[in-house]
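Heads up, the thing below is written out as structure tokens.
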Amino acid sequence: MNNSRAKNLWLLIIPALLFLAAAVCAQGYITKVEDSGFEKHTRPAVSFAHDAHNEAAGIESCNTCHHMYEDGKLQDQASIGMECSSCHLDGYSGRLELIRVYHLQCKSCHLDQKAGPVQCAQCHRKEE
Amino acid sequence: MHEIYQLASGILVWVALIVFVGGTAGRLIRMAITARKKDAVIYQYFSFYYALRSILHWIIPFGSMSMRARPAMTLVAFIFHICLIITPIFLAAHVILIAESWGIGWAYLPNAVADIMTILVILGCLFFLLRRIVQRDVRYLSTPGDFVLLLVVAAPFVTGIWTYHQWSGFEIAGIVHMLSGELMLICLPFTRLFHMALFPFTRGYAGSEAGGVRRARDW
Amino acid sequence: MKTSEDFQAAAEEKRIYDAGIEEGAKKLTPEKIRSVFNELMQTEGGARLEAYTKACVHCGLCSDACHHYLSNDRDPRFSPAGKVKQTIIEIVSRKGKVDADFMKRACEIAFTECNLCRRCMIYCPFGIDVAYLMLFVRRACHQLGVVPQYIQDTAHSHAATYNQMWVRDDEWIDTLQWQEDEARDEIPDLRIPIEKEGADIFYSVIGPEPKFRAQLIYQMAVIMHAAGVDWTMPASQGWDNSDMCMYTGDSEMTARLKKIHFEAALRLKTKRIVMGECGHAFRSVYDVGNRLLGWKMPPLQMIHAISFYSEIIEQGRLKIAEKFDRPVTFHDPCNIVRGRGLHETARYVINQVCTTFIELEPNREHNYCCGAGGGVINCGPPFKNKRVQSNRVKADQLAAAKKKGAEVVIAPCHNCHGGLEDIIRHYELGLELKFLGDILYECIQKE
């Protein structure tokens, strides 16, 4: 379930949303996208419901996102447990590069799939 | 939404940039050629030293008598123009988007600073709008196009701060923000916004004649 | 607060009749206006016209620079950009499709509501040359044959006689000899050398000097004599350095006038030209005529009387017998201050010759125009009242100097003289008006 659809639901049936939110929070399914590579945040961290997202997006293979490259070749194994910054922070401009790859990871897929948030404010929601 | 976003953040950015750069360069080149034919004096009298001398006096706040005579206008005009140019170039979100697309990046402003600068641009637009309505000579000089241009300039800043703060309807505001920013760039070479590109030339030539021929100050 | 419609109505009530404008406009047809204007745009409407009309953002910062605007209760139509809006912008945007009535109004604005003093140019952040735009309108008026009668008459005089005042060749020589004769009563060995080949200095004056200010030639002869200058004046055409054609938009005639002036100086193999105390003539020779003739700078050195005075004082050739002891103030003429930066030179001379000097506020490049220059005074009696009323701010400026003690106003320019004379009389300021030469003549050691 993507965010904009969640918003529509929220607008339509508030009790349902409250129930859903309570449910996922209780189960710890919503997490923040955190990375120790960011000393401080330019924008609020992105909320990300891992399982719900993958179910809605039909992602089965971990290394679709948690990719692993060796000599420029995508490996079969996944990089679960590693932070993006452990590979991507040694790029040309540090933090900007890390931001760039995070955005490429999420946004370019959303654009390809024509699903999911793409504008700045759609992901980097202010704390309610 | 995805289609519009893709259009506004993709091809339309290119259209806007090409029209802005190409239109500005094209118009300036055309004027330079016309000047060769009909205003030969410009090439004869143009002096980099005196042009620069004059430009400097006019881009330093209160550097000219005219600016000192109208301190409020001078202050607003300087703050407005500085924020108008600096904010979009050094806004974090813009720098990041450019880094994503072109792999180049530069330093960006803290969000709070950009926020204040955006508000200053919007207040500047309001000041100029008010001035066009209230001050008699400016009202007389104003054309409908002048009001439209104020709107064109204000629009990307109003929608920008709107989507940044995630006020209601921010998704629409985000799209309008991109489109209106592109519209402003496209308008630049073909409307009075072109004064931006003409400034160094008109001021520089005025300074050249004043300094090189007339031996007088023009500020 | 009056609306612009009220001003429109007020302007129509007191519309001034000028035969040159009215009769000229009768011969206009929309087709003629369009074809003349389009041709002018094709040949002369270049990058400057485009930049000046397109760079203007209608900010109104030029308004306060204009004495017409300040003097007419801040009527926006007198703002420099307002005058541009009513004339050239309108013609350009309508591609010349304007009628005879429009041209009449445009003519009156361009000829009588702008002195081409360029004060607004140094108040405009873009340095837009409104004088250039107004001259463009005047050029169109000239080509359409709609020009105020009096100034057109002087242009005709230029065309027929090469001088501004219908002075005949023999009258010119007679005047010089008459002034020499008079001066020899005072200084027996004084000469006004006519046609002296190889003299150091070629001295030229404006047409009105021999016509009705002949004593200025007398005074200059005395100054030249006292300083021991090797000088001459020509016996034939080319003696008049003035140029009303520059202001009627008749560039072809301007070029001819400047050519004959330069040629007279070159024919006599003089080293340089010194011009009398006139502003517009200086502009025409130094800044306009040379361009029309294809010279970046005048083909031989050419200086204004102020520079000349300063030079002979500095060199110790001119001795001051007794300083002028009445408090003086100084009016900076546009064409030699904004036009040639002679403000400090003038102050040097004044401080050498006068005991008390009081500044006008504003001064130097920022001085207000006299209201007469740019050919406005030459549009003659029909516009005189309007011209004087349209420079109330000058009267206020002079009155403030008088309050500080000034008794004498020095204006080293003929047009300024004419304008200030009318202002001083109309506003009953009780100030005396002098050329710098008047004071020098009074104060120097003559033998």
Using a heavy-atom cutoff of under 4.5 Å, enumerate the residues of residues 147-164 of chain B that contact chain A, numbered in order, or state 'none'. B:Thr163, B:Tyr164
Take B:Asp146 and B:Phe128, measure what side chain to side chain contact (heavy atoms under 4.5 Å, CB included) needs, and give me the verdict at the end. CA-CA 10 Å; B:Asp146 293 331; B:Phe128 292 132; over 6 Å; no
Under the criterion side chain to side chain contact (heavy atoms under 4.5 Å, CB included), I'd like the reasoning laid out for B:Met117 against B:Phe90: C-alpha separation, chi angles, the key distance, then a yes or no. CA-CA 11 Å; B:Met117 289 171 80; B:Phe90 296 101; over 6 Å; no
For side chain to side chain contact (heavy atoms under 4.5 Å, CB included), just list the numbers for B:Phe199 and B:Ile55, CA-CA rounded to whole Å, side-chain angles, deciding distance to a tenth of an Å, and then say yes or no. CA-CA 9 Å; B:Phe199 173 78; B:Ile55 289 167; 4.1 Å; yes
What's the shortest heavy-atom distance between A:Asp35 and A:Ser85, and which atoms? OD1-OG, 2.5 Å
Would you check if A:Gln122 and B:Tyr5 make a side-chain contact, meaning some heavy-atom pair closer than 4.5 Å? no
Please classify the contact of A:Leu111 with chain B as side chain, backbone, both or neither, using a heavy-atom distance under 4.5 Å. both
Has A:Asn63 got a side-chain atom pairing as donor or acceptor with A:Met68's backbone, closer than 3.5 angstrom? no
Considering only heavy atoms, which portion of B:Ile175 lies under 4.5 Å from any heavy atom of chain A: side chain, backbone, both, or neither? both
Parallel under 30°, tilted from 30 to 60°, perpendicular over 60°: which one fits the rings of A:His66 and A:His50? tilted
